[in-house]
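Since this is a predicted model, take the numbers as computed values, not measurements. Keep in mind that the numbers below use all heavy atoms, side chains included, and drop hydrogens, waters and symmetry copies. Along the sequence shown, the residues carry numbers beginning at 1.
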Amino acid sequence: MGSVEVGGGKYFPTSDFQWFEACFRNIISEIQSVNNVFASVSLPVSMNTQGSYLNQVYIGMFRPDKDSNPRWKGNLKQYKLAKINNVLNLADADDAAALNNSTGFITECARDYWTPKSVDDYWLLDKMAGA
């Protein structure tokens, strides 16, 4: 429930499967009905015999298909946690803040670890197909 108060989401309390199923269908319908980005954040923990952890934050960013098709355009992004101005923050591959403090979303120019520094032609075929 805390995320509802902080992030403005919705909370659906239930102990009934039919109600859960109806709520879940409603959530998916709302996600697909708007031109928005759905992001799931995960922090992998890799513990070896020495007990060390990897500093990798993965964010899956997917845009619902305008025709309600099951395959959504998107990408998996990798960032890290770093101290920026003595505050722990999400950092990009260039050690700059990856979050926009005004919106709470990823900064438009934040470069993840898999994005090259120089412009490449990765999306060229997608543009040529008229997508």
Side-chain angles (χ1 to χ4, degrees):
M1 287 193 322
S3 63
V4 173
E5 297 160 0
V6 175
K10 294 182 180 180
Y11 175 70
F12 298 94
T14 184
S15 59
D16 178 301
F17 181 76
Q18 283 76 27
W19 176 245
F20 169 78
E21 185 178 23
C23 291
F24 192 74
R25 288 179 188 274
N26 184 39
I27 291 167
I28 298 299
S29 176
E30 287 183 12
I31 290 171
Q32 290 182 323
S33 67
V34 295
N35 188 12
N36 207 337
V37 173
F38 175 74
S40 170
V41 178
S42 59
L43 179 62
V45 178
S46 174
M47 189 166 159
N48 60 22
T49 56
Q50 297 159 347
S52 63
Y53 296 92
L54 297 175
N55 184 7
Q56 300 170 326
V57 178
Y58 294 97
I59 303 176
M61 303 173 98
F62 298 93
R63 185 174 303 279
D65 187 79
K66 63 180 177 170
D67 298 322
S68 299
N69 291 321
R71 292 191 178 180
W72 295 359
K73 290 184 181 202
N75 207 340
L76 183 66
K77 305 286 188 177
Q78 179 186 338
Y79 300 100
K80 68 179 181 180
L81 298 174
K83 266 189 157 180
I84 300 172
N85 298 327
N86 288 329
V87 177
L88 188 62
N89 205 334
L90 190 67
D92 67 5
D94 300 318
D95 292 323
L99 289 179
N100 181 326
N101 290 333
S102 300
T103 64
F105 292 107
I106 300 292
T107 302
E108 202 171 298
C109 296
R111 189 176 67 82
D112 71 293
Y113 281 83
W114 298 316
T115 300
K117 285 188 178 188
S118 59
V119 178
D120 63 5
D121 61 355
Y122 180 80
W123 296 104
L124 183 63
L125 291 176
D126 196 40
K127 289 179 182 177
M128 291 172 59

### Task
Mind running side-chain contact (heavy atoms from CB on, under 4.5 Å) on E21 and W19 for me, showing each step along the way?
CA-CA 5 Å; E21 185 178 23; W19 176 245; over 6 Å; no

### Query
Where is the tightest heavy-atom contact between A98 and Y79, given as atom of each residue plus distance?
CB-CD2, 4.0 Å

### Task
Could you go through the side-chain contact (heavy atoms from CB on, under 4.5 Å) check for F20 and T14 one step at a time?
CA-CA 6 Å; F20 169 78; T14 184; 3.9 Å; yes

#### Entry: pair K77-W114: side-chain heavy atoms closer than 4.5 Å
no

### Message
Checking T115 against D112: is there a side-chain donor and acceptor pair closer than 3.5 Å?
### Response
yes

### Message
As an exercise, state the distance from CD1 of I27 to CZ of F12, rounded to the nearest 0.5 Å.
### Response
4.5 Å

### Query
Is there a path of hydrophobic side-chain contacts, each under 4.5 Å between heavy atoms of I, L, V, M, F, W or Y residues, that connects I59 with L88?
yes

### Over 12 foreign heavy atoms within 6.0 Å of CZ, F24
no

### Message
Evaluate R111 against K117 for side-chain contact (heavy atoms from CB on, under 4.5 Å), listing each step before the verdict.
### Response
CA-CA 8 Å; R111 189 176 67 82; K117 285 188 178 188; 3.3 Å; yes

### Message
Tell me whether D16 contacts the main-chain N or O of Q18 through its side chain, where contact means a donor paired with an acceptor under 3.5 Å.
### Response
yes

### Query
Given the rule that I, L, V, M, F, W and Y join up when any side-chain heavy atoms are under 4.5 Å apart, are L99 and L81 in one cluster?
yes

### Message
Going by salt bridge (Lys or Arg N to Asp or Glu O under 4.0 Å), name the pairs with one or both residues in residues 83-92, residues two or more places apart or in two chains.
### Response
none

### Atom of A82, atom of A91 and distance for their closest heavy-atom approach
CB-CB, 3.7 Å

### Query
If you group Ile, Leu, Val, Met, Phe, Trp and Tyr by side-chain heavy-atom gaps below 4.5 Å, do Y113 and L90 land in one group?
no

